[in-house]
Amino acid sequence: MPQPEKIQQLLAAGRAVAEGFLRDNGQVPPMMLAFSDDGMILHSATSTTHPKVKDDFAGACRLLARANRSTAVVLILEAWARIAPPGGSIDTDIRPSTAPDRIEVVSLNAEIPGHGYLAMHEIQRDKDGNYFSLGEDQGIGTADMQGRFAGILPATPPTDIEAEVARKVLRSFGINPDGTRINPSLN
């Protein structure tokens, strides 16, 4: 059974990070907050405009979760979305990024072992396009999440050997196990 208080804490942490980036930069880079008994790490991508970059970011998040024996994660992603009206539906053949009724959102994908939760908050901007607040959660809720950004936590806690292998693979990709890049100019 999902742990509502844990999910709410994860979502609050993700929202706070997103709001800080929006206030300071007007946008949110793709990020992951990973929580373990040793603390929290933040990992960020520079962008996810290309499918390979999205796949690489998701793969790095999975490795970081394994390397750090994470017990919970939140992915923070800026995206376009379409929200169906109450009792209504939307045409799923139209991609949100090209739909005239799209909205700009921060997607918070929270995971604890065996459970996922998706929250979407509309990014509210003034007439000049400057960020001023995040809207309320659009109410997606408990989700059977699928796709490249789902299943970030390992299905079972990693063994010492699996965690060490994940750390070595991360380093070979230029990422420290704490989520920072080995080349500091890329952080």
Do the side chains of R69 and P157 get nearer than 4.5 Å, heavy atoms only? no
Are side-chain heavy atoms of V73 and C61 found at a separation under 4.5 Å? no
Using 0.5 Å steps for rounding, measure from the [atom1] atom of [X] to the [atom2] atom of [Y].
X: D137; Y: Q8; atom1: CG; atom2: CD; result: 8.0 Å
X: I76; Y: H43; atom1: CD1; atom2: NE2; result: 12.5 Å
X: R82; Y: R95; atom1: CZ; atom2: CZ; result: 12.0 Å
X: S70; Y: I152; atom1: OG; atom2: CD1; result: 10.5 Å
X: I112; Y: K6; atom1: CD1; atom2: NZ; result: 8.0 Å

Could you tell me whether a side-chain N or O of [X] sits under 3.5 Å from a main-chain N or O of [Y], the two making a donor and an acceptor?
X: H121; Y: G135; value: yes
X: N130; Y: D126; value: no
X: E162; Y: T159; value: yes

In short, salt bridge (Lys or Arg N to Asp or Glu O under 4.0 Å) pairs touching residues 168-179 with sequence neighbours left out are none
May I have all residue pairs that pass salt bridge (Lys or Arg N to Asp or Glu O under 4.0 Å) and include part of residues 22-43, sequence neighbours excluded? none
Do W80 and L118 sit in one hydrophobic cluster, given that two such residues count as connected whenever their side-chain heavy atoms are within less than 4.5 Å of each other, even indirectly? no
Return all side-chain donor-acceptor pairs below 3.5 angstrom for residues 83-94, not counting sequence neighbours, or 'none' if the list is empty.
unit_1 : atom_1 : unit_2 : atom_2 : d
D91    : OD1    : D93    : N      : 2.9

Just to verify, what does A13 make a side-chain contact (heavy atoms from CB on, under 4.5 Å) with, not counting sequence neighbours? L33, F35
Can you list the residues that meet the side-chain contact (heavy atoms from CB on, under 4.5 Å) rule with A67, with sequence neighbours excluded? A166, R167, L170
Mind checking salt bridge (charged side-chain N to carboxylate O under 4.0 Å, His left out) for R125 and listing every partner two or more places apart, or none if nothing turns up? E78, E104
